[in-house]
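Data block below; observations after.
To find a chain, count down the sequence lines: A is the first, B the second, and so on, and within it residues start at 1. It should be emphasised that the depicted structure is a prediction, and the values quoted were computed from it without experimental measurement.
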There are 2 protein chains.
Amino acid sequence: MMEHDIFRALADPTRRAIFEKLANGGMNASALRQGMDISQPAMSQHLAVLRAARLVREQKEGRFVNYEVDPDGLALIAQWLAKYRAYWPARIDALKLLLKDMDQ
Amino acid sequence: MMEHDIFRALADPTRRAIFEKLANGGMNASALRQGMDISQPAMSQHLAVLRAARLVREQKEGRFVNYEVDPDGLALIAQWLAKYRAYWPARIDALKLLLKDMDQ
DNA sequence: GCCACACATAAGCACACACTTATGCGTTTC
DNA sequence: GAAACGCATAAGTGTGTGCTTATGTGTGGC
């Protein structure tokens with residue numbers, strides 16, 4: 001299940017931090033480790049999980065592997081969220097999220 | 001962390017199924033168990049996790065406890081998702097999710 | 001009052017998972 | 001070609017988590 005991979009991937013705080021870091025610009029695995037107190041294998045494993053969830057995608061450049069946010073994963077979350085738009089709180093003004101013509 | 005509770009809650013397929021079931025209408029814990037092959041304590045524990053994540057809220061009615069979708073949790077997911085709207089895929093036509101004036 | 005019921009909580013167990021160290025693989029550099 | 005580097009993978013370990021059975025708590029019906 002695809003949405004299962006996504007939610008499971010985001011359930012880990014370290015992976016969310018990695019994802020958030022990548023959202024500010026793609027970088028390679030070593031650069032991602034800066035200031036994160038995480039071993040190289042751990043980072044590699046986290047990136048593999050994020051990749052499987054399509055939240056992140058890789059772009060091999062020589063011996064470096066540049067990682068960046070994969071829009072596909074975000075789209076899947078949005079699709080999941082859209083299923084429950086009937087419950088989106090109209091009263092929360094700060095959240096002006098609108099959905100149009102999303103019927104299937 | 002609030003978003004941590006949410007993603008962790010949704011990482012479990014059984015809890016996602018419970019949530020989806022509640023999205024089709026609120027009901028009590030026993031009714032939720034119908035056709036789910038899950039023990040009463042397991043259901044109670046899952047509901048506690050969903051409640052802590054604000055994905056579900058309870059409404060006590062006598063000795064029954066009616067559960068229903070809590071919009072607050074969904075709003076928090078939407079807020080998390082909105083942080084990455086720069087990466088939302090414009091090319092995915094099926095997803096016509098629009099965000100307006102969401103700056104903080 | 002007493003039993004049946006709906007649900008929550010406690011305690012224990014098996015498994016998933018995030019980490020570690022060690023090693024392998026491919027690329028760049030000299 | 002050999003060493004250094006970036007990254008992936010293997011194998012092992014401790015902790016978290018979802019389940020179970022057993023029991024507790026509160027409500028309604030007789």
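B/Tyr67 places no side-chain N or O within 3.5 Å of a backbone atom of B/Leu22 that could act as its donor or acceptor partner. Not a single donor-acceptor pair under 3.5 Å links the side chain of A/Arg57 to the backbone N or O of A/Asp70.
No continuous path of hydrophobic side-chain contacts links B/Phe64 to B/Leu47 [ILVMFWY only; heavy atoms under 4.5 Å]. A single hydrophobic cluster is not seen to contain both A/Val49 and A/Leu10; linkage of ILVMFWY side chains at heavy-atom distances under 4.5 Å, directly or through other members, places them apart. The cluster map of Ile, Leu, Val, Met, Phe, Trp and Tyr, joined by side-chain heavy atoms under 4.5 Å apart, puts B/Ile38 and B/Leu32 in the same cluster. Linking ILVMFWY residues whenever their side-chain heavy atoms come closer than 4.5 Å, directly or via other members, places B/Leu81 and A/Val56 in the same cluster.
Note that the two end axes of the helix from C/dG1-D/dC30 to C/dC30-D/dG1 enclose an angle of 20°, each drawn from 5 base pairs, rounded to 10 degrees.
Listed pair B/Arg8 / C/dA16 fails the phosphate criterion, with no side-chain N or O lying under 4.0 Å from OP1 or OP2. Between B/Ser39 and D/dT20 there is a side-chain polar atom (N or O) within less than 4.0 angstrom of OP1 or OP2. Neither OP1 nor OP2 of C/dA6 sits under 4.0 Å from any side-chain N or O of B/Tyr67.
A straight line from CG of A/Asn66 to P of D/dA8 spans 12 Å, rounded to a whole angstrom. One atom, CE of A/Met43, and another, P of C/dC19, lie 10 Å apart when rounded to the nearest Å. With rounding to whole Å, A/Phe7 atom CZ is found 19 Å from C/dA16 atom C1'. The distance from atom CD1 of A/Ile38 to atom P of D/dA8 is 12 Å, rounded to the nearest whole Å. Look at NZ on A/Lys60: it is 7 Å from P on D/dA8, rounded to the nearest Å.
Between the side chain of B/Gln40 and the base of C/dA8, at least one donor-acceptor pair of N or O atoms lies under 3.5 Å.
Between A/Met43 and A/Ile18 the shortest side-chain heavy-atom distance falls below 4.5 Å. Side-chain atoms of B/Glu3 and B/Gln79, non-hydrogen and from C-beta on, never get closer than 4.5 Å to each other. For the pair A/Arg15 and A/Arg8, the minimum side-chain heavy-atom distance is below 4.5 Å. Residues A/Ile77 and A/Leu55 are in side-chain contact: their nearest non-hydrogen atoms beyond the backbone lie under 4.5 Å apart.
Scored by the side chain to side chain contact (heavy atoms under 4.5 Å, CB included) test, B/Ala52 finds no partners at all (sequence neighbours excluded). Legend: residues meeting side chain to side chain donor-acceptor pair (under 3.5 Å) with B/Arg33, ordered by chain and number and at least two apart, are absent.
The side chain of B/Asp12 lies closest to D/dG18 when the candidates are C/dT9, D/dG18, D/dC19.
Of the inter-residue distances, the one linking B/Leu74 atom CG with A/Tyr84 atom OH reads 8.5 Å to the nearest 0.5 angstrom.
Counted within 6.0 Å of CE on A/Met36, heavy atoms from surrounding residues, nucleotides or ligands total more than 12; the atom is thus considered enclosed.
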Q | B/S/- contact track for nucleotides 25-30 of chain C, protein heavy atom under 4.0 Å | A | --BS--

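Applying a 4.0 Å cut-off to non-hydrogen atoms, the residues of residues 45-54 of chain B that approach DNA chain D are B/Gln45, B/His46, listed by residue number. Within residues 13-32 of chain B, the residues having any heavy atom closer than 4.0 Å to DNA chain D are, in order of number, B/Thr14, B/Arg15.
Note on B/Arg33: nothing from the nucleic acid sits closer than 4.0 angstrom, heavy atoms only.
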